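Right, one structure below, let's go through it.
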Amino acid sequence: MSSSSRRRRHARSPAAGPLDDDDLLCEILLRLPPDPSSLPRASAVCKRWRRLVSDPGFFRRFRLRHRRNPPLLGFFEKYGGTPFLSTLEAPNRIPPGRFSLQRDGDDFHRSESLGCRHGLFLIFLTKLRQVLLWDPITRDEQRIAVPAALDLEKTIGMVSGAVLRPAGEDPHFQVVLAAADHKHQALACVYSSKTGIWGNLISTPLTYQANGSRIPTMVYFDVSLLAGDSLYWKFAGRFQGILEFDLVKQSLAVIRVPLDTCGQGRCFKIMRAEGGGLGCLVVSYTDCTAQLWKRKTDCDGAASWGLARTIELDKLLSLEPDEKRSLGLLGIAEENNVVFLRTTTGLFMIHLQSLKFRKLQSLKFRKLFKANIILSYYPFESVYTAGIWPELSSSG
């Protein structure tokens with residue numbers, strides 16, 4: 001076959017025609033990976049592609065499409081005025097100061113960060129008895145008054161909480177607050193942005209557990225977990241367990257944890273189990289291991305905990321003796337299944353399924369860790385693209 005014949009066949013190829021359709025091309029571009037550099041690179045292909053991906057409506061659809069598989073952009077540090085540190089490498093690294101919350105006045109005095117989910121950051125403003133919803137991407141903010149049933153004098157300890165958006169392209173969100181009261185109950189209340197009101201107060205009795213603690217049982221203000229149709233929080237104080245809030249049934253339940261999660265020299269965080277459902281990660285500082293536990297339900301409906309696997313951290317990370325002594329569990333990225341571990345020399349990011357890891361070496365990290373400053377990280381998983389949209393509306 002001659003070269004002229006081949007060129008004529010290529011010119012008549014039906015694959016060339018559909019790409020002239022803007023709607024079809026948009027559908028193709030929507031399927032690009034949700035990395036920060038994906039759309040800027042696509043916009044550099046030609047003027048037509050730039051016009052399509054620069055449309056704010058396209059970006060809203062792009063964010064919604066990848067809401068359930070967002071990249072891990074970095075994390076916010078709990079006790080440092082909410083600064084953001086990117087964990088990505090070039091060309092996806094987020095510039096310093098891009099995600100910065102304005103803290104004017106003393107509204108943020110004794111405020112408590114409650115974590116990030118679905119592109120939103122939830123902060124409890126203790127002084128004002130409000131929760132602040134902040135979208136770091138769009139910089140949108142919304143404040144919501146805490147219901148009277150969760151007033152300071154009616155609850156024990158801090159009020160914890162979680163934010164989430166429904167699956168699909170629904171732009172609304174929900175805020176769930178959880179606390180314990182003086183009547184030995186766990187409480188929860190749900191706010192819906194669709195209705196603009198708080199729902200009825202939901203409660204369940206708390207179990208007493210003689211563990212030697214003088215601190216009354218409270219819902220710990222650690223990051224919540226979303227697994228399936230339920231939210232989970234850890235308890236602290238006289239009961240070492242987990243609080244479950246079923247989003248469908250609108251009900252609360254109290255779950256005991258494996259005995260191996262308790263005791264000195266250990267730290268545990270709740271996480272999604274391998275294959276889905278409720279799990280927990282137990283890090284032992286004495287033998288430098290990480291245990292992944294999973295809660296299972298048998299055919300009769302009886303639930304129990306089982307040890308899924310054990311990771312020898314010292315061998316995986318080739319830790320030196322001084323690094324083993326300073327090992328700390330700082331946070332877990334829910335969607336990406338990544339755990340943050342600290343040492344005196346830096347911060348490790350470990351993907352729990354593949355066991356691939358990366359060490360983030362930073363002078364700031366080393367100074368904080370050597371000073372023995374207790375840190376907690378809030379991983380931020382969302383879809384972000386730099387520099388080609390003038391204004392974006394909040395879309396999750």
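Predicted model only: the values in this text are computed from it and were never measured. All heavy atoms count here, side chains included; hydrogens, waters and symmetry mates do not.
With Tyr232 contributing its side chain and Leu278 its backbone, the two residues share no donor-acceptor pair below 3.5 Å. Counting only distance, with no hydrogens or angles, the side chain of His118 and the backbone of Arg165 share a donor-acceptor pair below 3.5 Å. Proximity of a side-chain donor or acceptor of Ser193 to a complementary backbone N or O of Phe173 within less than 3.5 Å is detected. Between the side chain of Trp198 and the main chain of Ala145, a donor-acceptor pair closer than 3.5 Å is present. Using a distance-only test at 3.5 Å, with no hydrogens or angles considered, a donor-acceptor pair links the side chain of Trp305 to the main chain of Arg256. For the pair Arg67 (side chain) and Pro166 (backbone), a donor-acceptor distance under 3.5 Å is present. The closest donor-acceptor contact from the side chain of Asp181 to the backbone of Lys183 lies under 3.5 Å. In terms of modelled atom types and a separation under 3.5 Å, the side chain of His184 and the main chain of Thr217 share no donor-acceptor contact. Arg31 places a side-chain N or O within donor-acceptor distance of the main-chain N or O of Glu27, the cut-off being under 3.5 Å.
Nearest heavy atom pair, residue Pro91 against residue Arg41, reads CG-NH2, 3.2 Å. Shortest non-hydrogen contact noted between Trp233 and Gly161 is NE1-O, 3.4 Å. Looking at every heavy atom in both residues, Asn337 comes nearest to Gln353 through ND2-N, 3.6 Å. Nearest heavy atoms, Leu243 versus Ala186: CD1-CB, 3.8 Å. The shortest heavy-atom contact between Val383 and Ile137 is O-CD1, 3.9 Å. The nearest pair of heavy atoms linking Pro33 to Ser38 is O-OG, 2.6 Å.
Here the straight-line distance linking atom CZ of Arg93 with atom CG of Leu85 works out to 9.0 Å at 0.5 Å rounding. Atom-to-atom distance recorded for Arg129:CZ and Leu150:CG is 7.5 Å, nearest 0.5 angstrom. For the atom pair CZ (Arg63) and OG1 (Thr138), the distance works out to 6.5 Å, reported to the nearest 0.5 Å. Note that the CG atom of Leu39 and the CG atom of Leu32 stand 6.5 Å from one another [nearest 0.5 Å]. Here Cys116 contributes atom SG and Trp134 contributes atom CH2; the two are 8.0 Å apart, rounded to the nearest 0.5 Å. Going from atom CZ of Arg143 over to atom CD1 of Ile123 covers 9.5 Å, rounded to the nearest 0.5 Å.
Residues Ile197 and Leu164 are members of separate hydrophobic clusters, defined by side-chain heavy-atom contacts under 4.5 angstrom among Ile, Leu, Val, Met, Phe, Trp and Tyr. Following chains of ILVMFWY side-chain contacts shorter than 4.5 Å, one cannot reach Leu125 starting from Leu152, and the two form parts of different hydrophobic clusters. Residues Ile202 and Val248 do not share a hydrophobic cluster, clusters being chains of Ile/Leu/Val/Met/Phe/Trp/Tyr side chains in contact below 4.5 Å.
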List the steps, then state whether side-chain contact (heavy atoms from CB on, under 4.5 Å) holds for Trp49 with Leu29. CA-CA 9 Å; Trp49 283 33; Leu29 294 173; 3.9 Å; yes
Start with the C-alpha gap between Phe121 and Phe99, add the side-chain angles, then the distance that decides, and say whether ring-ring contact (aromatic ring centres under 6.0 Å, His included) holds. CA-CA 11 Å; Phe121 197 139; Phe99 302 148; over 10 Å; no
Kindly determine whether Phe348 and Val339 satisfy side-chain contact (heavy atoms from CB on, under 4.5 Å), including the steps that lead there. CA-CA 8 Å; Phe348 285 95; Val339 63; over 6 Å; no
Taking it one step at a time, do Val190 and Leu247 satisfy side-chain contact (heavy atoms from CB on, under 4.5 Å)? CA-CA 9 Å; Val190 182; Leu247 292 160; 5.7 Å; no
CA sep, side-chain torsions, deciding dist, call: Phe75, Leu347, side-chain contact (heavy atoms from CB on, under 4.5 Å): CA-CA 12 Å; Phe75 54 81; Leu347 181 71; 3.7 Å; yes
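Centroid-to-centroid, the aromatic rings of Phe380 and Phe76 come within less than 6.0 Å. In this structure, Phe221 has its ring center at least 6.0 angstrom away from the ring center of Phe124.
Counting heavy atoms from C-beta on, the side chains of Ile350 and Leu313 come closer than 4.5 Å. Looking at heavy atoms from C-beta onward, Pro136 lies out of side-chain contact with Phe84 at the 4.5 angstrom threshold. Between Thr343 and Leu327 the shortest side-chain heavy-atom distance falls below 4.5 Å. Contact annotation: the side chain of Leu88 never approaches that of Pro71 to less than 4.5 Å [non-hydrogen atoms, C-beta and beyond]. Side-chain contact check for Phe357 versus Leu316: some heavy-atom pair is nearer than 4.5 Å. Proximity of Pro379 to Asn336: side-chain heavy atoms (C-beta onward) are nowhere separated by under 4.5 Å. Contact annotation: the side chain of Ser224 never approaches that of Leu114 to less than 4.5 Å [non-hydrogen atoms, C-beta and beyond]. In this structure the side chain of Cys267 reaches within 4.5 angstrom of the side chain of Tyr285, judged on heavy atoms.
Within 6.0 Å of CD on Glu141 lie more than 12 heavy atoms contributed by other residues, nucleotides or ligands. Within a 6.0 Å radius of CZ in Arg358, other residues, nucleotides and ligands contribute more than 12 heavy atoms. No more than 12 heavy atoms of other residues, nucleotides or ligands shown are found within 6.0 angstrom of CG on Asn200. The local environment of NE2 in His351 is crowded, with over 12 non-hydrogen atoms from other residues, nucleotides or ligands closer than 6.0 Å.
Inspection of the Arg98 and Ser86 side chains reveals no N or O donor paired with an N or O acceptor under 3.5 Å. For the residue pair Ser37 and Asn92, a side-chain donor N or O sits within less than 3.5 Å of a side-chain acceptor on the partner.
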With a 3.5 Å cut-off and sequence neighbours excluded, list the donor-acceptor pairs that the side chains of residues 269-276 form with protein atoms.
from   : atom 1 : to     : atom 2 : distance (Å)
Lys269 : NZ     : Asp222 : OD1    : 3.3
Lys269 : NZ     : Asp222 : OD2    : 3.0
Arg272 : NE     : Leu226 : O      : 2.7
Arg272 : NH1    : Glu335 : OE1    : 3.3
Arg272 : NH2    : Leu226 : O      : 3.1
Arg272 : NH2    : Glu334 : OE2    : 3.4
Arg272 : NH2    : Glu335 : OE2    : 3.3
Glu274 : OE2    : Arg309 : NE     : 2.5
Glu274 : OE2    : Arg309 : NH2    : 2.6

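Ring-plane geometry between Phe59 and Phe62 is classed as parallel, the angle between the planes falling under 30 degrees on a 0 to 90 degree scale with a further cut at 60.
A salt bridge (Lys or Arg N to Asp or Glu O under 4.0 Å) with Arg48 holds for exactly one of Asp21, Asp22, Asp55; it is Asp22.
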